[in-house]
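Note sheet for the following structure.
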Amino acid sequence: MMEVIEISEDELDDFTPLLGKDLTEDVKRAYTNALGVMDDEDNAAGVLVYELLDSESAEDTKARINFVKSDSPEVVKELLDYYKKNKVGDEEIVESFYELDKEKSAKLLEGEGFSFEKKEDICISTTLEELEQTPLGKKKELPDYVGSISSLTPAQFRDTLKQFLFKGYKGILQDIAFLPKNWYDNDISSCVISGGIVQGLFLIRRTPTGKLLPVLYYACGPDKKQYELHMLRYTASKAIDMYPGRTAVIIPRTSDFIRMLTDKLLPGQKGDEIFYGERKEQ
């Protein structure tokens, strides 16, 4: 009889071979949870990772299953059974959906009552080498009020982030309010300070495997568009100087503005084909 466990930080090392380094770090964050199965020899036999969306808001709670891995369909079924019987009710999940890059995993979920379709990933992947060939790669003198977030104190950073979130800007992460300044790459993440006030932030996460992920890109005030452009140039220039050209940059196209930017800078660039399905839970 296999036993499903809710993976805590104590068990994470056992599941890193399945999860990989980047996802292992993500599982430590608020709202991201992992279920696992160990085999008879105490080796990780399967894992399922899901993220809670809108769990702290007035909206209905949804869950995104973003990773499922096992060589055994029976193990995947056990993981999904446990999720349905225990987590859906506990977390008050109204709808579950998956976004996966492996068709085999998606088909297993389809067998558990999820729909199944293919779609383009909202994220596109490029490299610093490719970005260097775009207008962002051209060296340009920038105003003194643009710099890296390493110049901000943790309190300044926290207060600015709070203000931006209060204005209704969320970034791409559910738990952005809880992530410390050192979770981001402080050297290439940028900010605008005007009149002693932080007017813009462009936050980049450098994952344990070295990928660069833009997480928040926002400025306010009458010069908002100018600030955003300066931060984009500053961050691109610093990243190109600091990291190898083959470094992957993952860009989530979460708004019309970001899509417009990527279409202009990387014309014709498409997201990978991924698999998507959903299931009503309550």
Side-chain angles (χ1 to χ4, degrees), residues 19-26 64 66-67 99-103 118-143 145-150 169-173 176 179 181-192 200-219 224-276:
L19 291 168
K21 289 181 184 174
D22 290 352
L23 203 47
T24 296
E25 280 301 303
D26 282 344
R64 173 171 51 222
N66 51 27
F67 189 77
E99 289 178 330
L100 300 169
D101 57 2
K102 300 281 188 292
E103 184 171 9
K118 298 174 186 177
K119 69 173 189 176
E120 184 188 351
D121 194 347
I122 197 171
C123 294
I124 57 172
S125 182
T126 186
T127 62
L128 289 178
E129 214 162 36
E130 287 174 334
L131 283 178
E132 195 172 5
Q133 304 309 310
T134 72
L136 285 182
K138 292 190 175 70
K139 295 290 179 193
K140 199 163 181 178
E141 200 164 328
L142 293 170
Y145 57 69
V146 188
S148 77
I149 66 167
S150 56
Y169 189 80
K170 293 180 181 173
I172 65 165
L173 304 176
I176 195 163
L179 296 169
K181 181 169 168 269
N182 64 10
W183 192 78
Y184 305 98
D185 186 315
N186 277 222
D187 293 321
I188 67 171
S189 295
S190 53
C191 64
V192 163
L201 287 173
F202 185 24
L203 303 180
I204 308 289
R205 163 71 168 164
R206 185 166 182 262
T207 71
T209 59
K211 293 175 185 168
L212 301 180
L213 175 70
V215 168
L216 183 142
Y217 182 46
Y218 182 75
K224 169 184 167 67
K225 287 279 183 280
Q226 200 66 31
Y227 291 161
E228 287 174 340
L229 181 59
H230 289 330
M231 289 192 300
L232 190 58
R233 284 190 182 284
Y234 180 93
T235 289
S237 175
K238 288 286 278 190
I240 288 164
D241 286 348
M242 286 183 67
Y243 298 123
R246 65 181 180 277
T247 299
V249 182
I250 313 299
I251 306 170
R253 298 166 297 168
T254 51
S255 70
D256 291 341
F257 176 58
I258 301 294
R259 279 185 178 273
M260 184 193 74
L261 263 180
T262 53
D263 287 349
K264 192 173 175 182
L265 291 169
L266 303 161
Q269 189 88 317
K270 297 279 186 193
D272 291 339
E273 181 181 78
I274 60 167
F275 303 94
Y276 171 87

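Residue indices begin at 1 and follow the sequence shown.
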Before giving the answer on side chain to side chain contact (heavy atoms under 4.5 Å, CB included), spell out for L203 and W183 the whole-Å C-alpha distance, their side-chain angles and the decisive distance to 0.1 Å. CA-CA 10 Å; L203 303 180; W183 192 78; over 6 Å; no

Do F275 and K118 pass the side chain to side chain contact (heavy atoms under 4.5 Å, CB included) test, and can you show the C-alpha distance, the side-chain angles, and the key distance before you say yes or no? CA-CA 5 Å; F275 303 94; K118 298 174 186 177; 3.7 Å; yes

Please find the pair of heavy atoms, one from V192 and one from V146, that lie closest to each other, and give the distance. CG2-CG2, 4.2 Å

Specify the closest pair of heavy atoms between T127 and R246, including all atoms of both residues, with the distance to one decimal. CG2-O, 3.9 Å

Got a second to check how far D187's CG is from M242's CE, nearest 0.5 Å? 4.0 Å

Is E25 paired with K21 through a side-chain N to carboxylate O contact shorter than 4.0 Å? no

Paired with L212, the side chain to side chain contact (heavy atoms under 4.5 Å, CB included) test is passed by just one of L128, I250, I251, namely L128

Are D241 and K139 close enough for a salt bridge, meaning some N to O gap below 4.0 Å? yes

Taking all non-hydrogen atoms of both residues, which atom of S148 and which atom of C191 are closest, and how far apart? O-SG, 3.8 Å

Looking at OH of Y234 and NZ of K238, how far apart are the two atoms once the value is rounded to the nearest 0.5 Å? 4.0 Å

On the 0 to 90° scale, with breaks at 30° and 60°, tag the F202-Y217 ring pair as parallel, tilted or perpendicular. tilted

Working for side chain to side chain contact (heavy atoms under 4.5 Å, CB included), residues K181 and I149: CA-CA 8 Å; K181 181 169 168 269; I149 66 167; 4.2 Å; yes

If you take all heavy atoms of H230 and Y145, which pair is closest and at what distance? CD2-OH, 3.3 Å

What is the minimum heavy-atom distance between K211 and D22, and which atoms define it? CD-OD2, 4.1 Å

If I take atom CG from residue D26 and atom CG from residue L19, how far apart are they, to the nearest 0.5 angstrom? 10.0 Å

OG-CD distance between S125 and E130, expressed to the nearest 0.5 angstrom: 8.0 Å

Is it the case that more than 12 heavy atoms not belonging to K224 sit under 6.0 Å from its NZ atom? yes

Do the side chains of L265 and P135 get nearer than 4.5 Å, heavy atoms only? yes

Please lay out, stage by stage, how L179 and L173 fare under the test side chain to side chain contact (heavy atoms under 4.5 Å, CB included). CA-CA 10 Å; L179 296 169; L173 304 176; 3.6 Å; yes

Can you find a heavy atom in the side chain of L261 that is under 4.5 Å from one in the side chain of L232? yes

Quick one: CD on E120 to CD on E273, what's the gap to the nearest 0.5 Å? 10.0 Å

Are side-chain heavy atoms of R205 and D185 found at a separation under 4.5 Å? no

Is there side-chain contact between I124 and R253, with at least one heavy-atom pair below 4.5 Å? yes

Donor-acceptor pair, side chain of N186 and main chain of Y184, under 3.5 angstrom: yes

Once ring-ring contact (aromatic ring centres under 6.0 Å, His included) is applied, do any residues pair with Y243, and if so which ones, sequence neighbours excluded? none

Output the distance between atom OG1 (T134) and atom NZ (K264), rounded to the nearest 0.5 Å. 11.0 Å

Correct closest heavy-atom pair for R233 and K138 would be NH1-O, 4.4 Å

Here's a test for you: under side chain to side chain contact (heavy atoms under 4.5 Å, CB included), which of L131, L266, I204, L213 qualifies with V249? L131

